[in-house]
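Residue numbers begin at 1 in each chain, while the letters A, B, ... track the order of the sequences.
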2 protein chains.
Amino acid sequence: MEAQQIIKALEALAQESRLAAFRALVKAGPPGLTPSVLSDKLDLPAPTLSFHLAQLRHAGLVNVTRDGRSLIYVANYDAMSGVIGFLTENCCADAGCAPASCRPSKEKNETRARRRA
Amino acid sequence: MEAQQIIKALEALAQESRLAAFRALVKAGPPGLTPSVLSDKLDLPAPTLSFHLAQLRHAGLVNVTRDGRSLIYVANYDAMSGVIGFLTENCCADAGCAPASCRPSKEKNETRARRRA
DNA sequence: ACAACGTTTCCATATTTATGGAATTATGGA
DNA sequence: TCCATAATTCCATAAATATGGAAACGTTGT
């Protein structure tokens, strides 16, 4: 995953409403949530929410599908995995960081991050 | 770690120059780096770099000490660990995310995140 | 005390981001 | 076809962020 891509994702998550929306989508799991449900849950006007969901979408953190008149937003776990992987490999000391269970077994530099599908 | 704290950290990292600066500091390790070295490495005018380092500092991602006329910036691994932990626990599906080796052993929901000092 | 150096603060400017009402675009049901 | 619903796009406005020259600040050597 490229740094620019990561920055987009971090930008997207670095905003209260969007982080809340994304967390809600993660919690909701594969069935996802519609904007109206989110709008209600997060108490955000539809256009504002729509704006934020678009940001998340452009950052690749969520996917959308349509079901009748409703849209279904679903968290993209692969993207999130990429972000966490990047941070772990590029922004953590060899073993001074990373939450305990999470030590990439001494791989050099960004080997793993570069192996994109 | 609180959501607001996390947002500050994500904001700080979600900017090209700052992410580059932080990565350089992580790479540099405990000895850290001075602004002039960073300014040179990243090709940023001193005031601009200073502004970004202040952002990182306010987000708690770096610490500063003085050595003579130079300041020494050092990455704060604990803070970074907190960020990665939060993302892993709040923004990942039960096991649908997190980079392979990094699975918090099935803890329920946000138990660990809530255990704040 | 003075000069040089490393760094920050001040400040004006340019750019980007967030907000939400009004209008608009899909979709499905009667 | 007409209406109601779900969501987005349009657009004006407000607010936050980034940039970098000039000036100021602390520290060290002379």
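- Counting only heavy atoms from C-beta outward, the side chains of A:Leu61 and A:Leu25 never approach each other to under 4.5 Å.
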CA sep, side-chain torsions, deciding dist, call: A:Phe86, B:Leu19, side chain to side chain contact (heavy atoms under 4.5 Å, CB included): CA-CA 11 Å; A:Phe86 180 95; B:Leu19 183 59; 4.2 Å; yes
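- Residues A:Leu53 and A:Ile72 do not share a hydrophobic cluster, clusters being chains of Ile/Leu/Val/Met/Phe/Trp/Tyr side chains in contact below 4.5 Å.
- Residue A:Gln15 has no polar side-chain atom (N or O) positioned under 4.0 Å from OP1 or OP2 of D:dA15.
- Of the two residues near DNA chain C, B:Pro35 and A:Ser17, the one whose nearest nucleotide lies more 5' is B:Pro35.
- Taking a 4.0 Å limit (strictly below) on heavy-atom distances, residues 38-48 of chain A reaches DNA chain D at A:Ala46, A:Pro47.
- Distance from the side chain of B:Ser50 is smallest to C:dT8 among C:dT8, C:dT19, D:dT9.
- Contacts of residues 59-72 of chain A with DNA chain C (heavy atom under 4.0 Å): A:Arg66, A:Gly68, A:Arg69.
- One distance of note links CG of B:Leu44 with NE2 of B:His52; it measures 6.5 Å at 0.5 Å rounding.
- Whole-Å rounding puts the B:Glu11 CD to D:dA16 P distance at 11 Å.
- The minimum heavy-atom distance between B:Ala93 and A:Val26, with the atom names listed, is N-CG1, 3.9 Å.
- Transitive grouping of hydrophobic side chains (ILVMFWY, heavy atoms separated by less than 4.5 Å) keeps A:Leu56 and A:Val74 in distinct clusters.
- For A:Leu56 and C:dA18, the CG to P distance is 10 Å, given to the nearest whole Å.
- Nucleotide C:dA30 is matched to D:dT1 when pairs are restricted to Watson-Crick or G-U wobble geometry with both distances under 3.5 angstrom.
- Using a 4.5 Å cut-off between side-chain heavy atoms of Ile, Leu, Val, Met, Phe, Trp and Tyr, with links allowed through other members, B:Phe51 and B:Val64 fall into different hydrophobic clusters.
- Contact between A:Asn90 and B:Arg23 at its shortest, heavy atoms only, is OD1-NH2, 2.7 Å.
- Regarding A:His58, its NE2 atom lies at a distance of 15 Å from the C1' atom of C:dT17, rounded to whole Å.
- Looking at every heavy atom in both residues, A:Leu42 comes nearest to A:Ala20 through CD2-CB, 4.0 Å.
- When all heavy atoms are compared, the tightest approach of B:Ala24 to B:Leu33 is O-CD1, 3.9 Å.
- Atom CZ of B:Phe51 is separated from atom C1' of C:dT13 by 14 Å (rounded to the nearest Å).
- Atom CG in B:Leu33 sits about 11 Å away from atom P in C:dT7, given to the nearest Å.
- Contact annotation: B:Gln55 reaches the phosphate of D:dA18 (side-chain N/O to OP1 or OP2, under 4.0 Å).
- We find that CG of B:Leu49 is positioned 16 Å from C1' of D:dG21, with the value rounded to whole Å.
- Phosphate proximity of C:dT17 to A:His52: absent, as no side-chain N or O sits under 4.0 Å from OP1 or OP2.
- The side chain of A:Tyr73 contributes no N or O atom lying less than 4.0 Å from OP1 or OP2 of D:dA6.
- Looking at heavy-atom distances under 4.0 Å, A:Arg18 makes contact with sugar-phosphate atoms alone, never a base.
- Look at CD1 on B:Ile7: it is 11 Å from P on C:dA18, rounded to the nearest Å.
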